[in-house]
Amino acid sequence: MIVLENATKYYKMKNEKKYILKNVSLTIPGGINVGILGRNGAGKSTLLRMLGGIDFPNSGKIYSDKRFSWPMGLAGGFQGSMTGRQNVKFVCRIFGKSQKEIDEAVEFVKEFSELGEYFDMPIKTYSSGMRLRLSFGLSLAFDFDYLLIDETLSVGDKHFKEKSKKALREKIEKSNVLLVSHAMPILRELCDAGIVVHDGQIKYFDNIDDAIKEYNQINR
Amino acid sequence: MKRKPFTIFKAVVKALVLREVQTRFGSQKLGYLWAIIDPMAMIVVFSFIKTIISHASMPGIDYPVFLATSFLAYNLFKNISLRSMDAFVANKGLFVYKQVKPFDTLVSRAIVESLIIGVATIIFICIGLYFGFDMEVKDLNMVILGFLWIGIFGFGLGVLFAVIGTFYENFKKIISLMFLPLFFLSALFYTVENLPPIARDIVLFNPVVHFIEFIHGSFFPELDTNYVDFTYMAFWTLIPFFLGLWLYTKSERKIVMS
């Protein structure tokens with residue numbers, strides 16, 4: 001369960017405040033996969049960051065007793081001067097994994113990401129698709145209650161897209177996903193419920209199809 | 001299974017230290033060597049100057065040893081406080097993991113700098129033994145205390161610098177500029193006793209002088225710590241540190257989000 005209590009979040013633009021959330025109170029029930037819809041700049045990514053504990057509302061509260069992954073997006077979360085392997089080890093260490101678990105995770109991510117020799121090259125030499133494969137593979141090596149995924153499933157080649165969807169389907173048998181995407185088929189396939197972020201408000205729909213309908217209304 | 005905050009802190013600092021050690025090795029191999037070359041060059045230069053000017057102001061002291069203690073201690077202080085200023089920017093990418101707090105990056109950098117100076121010190125001692133310099137120490141415990149204390153002093157200032165520097169980009173440049181005259185005003189290659197009385201009073205406003213004099217006075221049987229003001233040192237250790245911590249707790253979220 002995720003609770004938003006009078007949550008307000010805005011960014012200061014030149015003379016006005018741009019609201020992402022305006023006094024939003026909402027309860028998202030636990031145990032389900034939620035798709036997050038909204039136009040570009042509506043605040044979907046900010047919402048994910050707030051759930052991931054690295055961004056904060058200006059007032060009000062957002063809380064949950066669940067464990068969230070870091071928000072997985074295109075932006076990274078990697079240190080450019082470190083190699084893929086070093087980054088994987090680093091993340092394992094901050095999550096307190098033992099040396100044995102670290103070795104297993106490194107093997108798994110290396111296998112999954114299909115980076116080959118690039119796995120031992122600095123991240124700054126990676127293409128965005130390669131970063132993504134590393135990021136996605138890394139997140140699969142951990143057990144979270146919620147995976148926070150930002151758009152990443154619609155990038156990469158066909159082969160990897162299929163592979164990551166398959167991996168994600170296996171993963172969400174045990175954990176849940178909060179998925180930001182503009183790709184309706186993916187949302188329909190992976191999510192049960194949906195929320196639509198628009199004009200500083202969040203609407204929750206028990207059924208993802210209703211959320212998609214609402215989103216299409218907004219875009220008309 | 002929830003981990004305690006301190007357990008997370010320890011895991012993160014350890015990971016950051018390993019990361020820092022790896023990246024320094026990888027990107028610039030001179031990174032570590034520099035810890036030796038820099039003080040070594042200073043020792044050679046100032047020993048040379050000394051032989052030219054050559055007035056026996058420090059009888060009974062091996063001047064290179066005097067310089068070595070100066071520059072190792074001074075570099076420890078300078079590196080910890082200066083390198084903390086870009087710790088937040090350099091580790092920004094890692095704040096996407098909520099376990100990594102900006103403060104942790106300051107702690108890990110200070111640890112890495114201390115380790116580097118520690119290794120440099122051991123190498124210098126070996127060199128000194130090899131060439132047969134007089135390295136008899138008057139009070140080893142006090143020398144160790146002096147090094148620890150100047151490190152903590154540097155860390156406290158570093159916390160303050162790092163937080164202010166996040167919000168005022170120019171602040172970092174000003175601090176870097178201030179370190180230039182500090183080099184000459186910190187009793188590194190002279191003692192306060194050697195100075196004319198007016199210069200003494202001026203130079204004693206510089207807190208670094210007290211730390212260096214404390215280390216020199218505890219190391220060399222020929223020198224004393226008469227000019228060292230421990231209250232002044234404590235003041236400069238505690239005030240910046242707690243001011244820095246206070247500002248940090250107020251702005252931690254902003255630093256994460258920035």
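Reckoned from all heavy atoms, side chains included, excluding hydrogens, waters and symmetry mates. Convention: sequence-line order gives letters A, B, ...; per-chain numbering from 1.
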(Q) Just verifying a value: how many Å separate Arg3(B) CZ and Ile94(A) CD1, rounded to the nearest 0.5 Å? (A) 8.0 Å
Q: Verify the neighbour count for atom NZ of Lys172(B): are there more than 12 heavy atoms of other residues, nucleotides or ligands below 6.0 Å?
A: yes
Q) Which atom names give the shortest non-hydrogen contact between Ala11(B) and Arg93(A), and what distance separates them? A) CB-O, 3.6 Å
Q) Counting heavy atoms not belonging to Lys14(B), are there more than 12 under 6.0 Å from its NZ? A) no
(Q) Within the supplied structure, the quantity of interest is the number of heavy atoms (other residues, nucleotides, ligands) at a distance under 6.0 Å from Arg169(A) CZ; does it exceed 12? (A) yes
Q) Is it true that atom CH2 of Trp149(B) has more than 12 heavy atoms of other residues, nucleotides or ligands lying nearer than 6.0 Å? A) yes
(Q) Does Tyr204(A) have more than 12 heavy atoms from other residues, nucleotides or ligands lying within 6.0 Å of its OH? (A) yes
With a cut-off of 3.5 Å and sequence neighbours excluded, list every side-chain donor-acceptor pair involving residues 25-32 of chain A.
| from | atom 1 | to | atom 2 | distance (Å) |
| --- | --- | --- | --- | --- |
| Ser25(A) | OG | Asn6(A) | N | 2.9 |
| Ser25(A) | OG | Asn6(A) | OD1 | 3.1 |

(Q) Heavy-atom count check: over 12 atoms from other residues, nucleotides or ligands less than 6.0 Å from Lys98(B) NZ? (A) yes
Q) Looking only at heavy atoms, what is the nearest atom pair of Ile54(A) and Tyr97(B), with distance? A) CG2-C, 4.3 Å
Q.
Using side-chain heavy atoms (C-beta onward) and a distance below 4.5 Å, is Met82(A) in contact with Arg19(B)?
A. yes
Q) Is there a side-chain contact between Phe95(A) and Gln99(B) (heavy atoms, below 4.5 Å)? A) yes
Q: Measure distances from Val100(B) to the heavy atoms of chain A and classify the residue's part below 4.5 Å as side chain, backbone, both or neither.
A: side chain
Q: Output the option from Thr7(B), Ile8(B), Leu16(B) having the highest count of non-hydrogen pairs under 4.5 Å with chain A.
A: Leu16(B)
Q. Which region of Asp143(A), side chain (C-beta onward) or backbone (N, CA, C, O), has a non-hydrogen atom less than 4.5 Å from a non-hydrogen atom of chain B, or is it both or neither?
A. neither
Q.
Between Phe90(A) and Leu18(B), is the side chain to side chain contact (heavy atoms under 4.5 Å, CB included) condition met? List the steps.
A. CA-CA 8 Å; Phe90(A) 176 82; Leu18(B) 285 167; over 6 Å; no
Q: Please round to the nearest 0.5 Å and tell me the distance separating atom OG1 of Thr46(A) and atom CE of Met257(B).
A: 10.5 Å
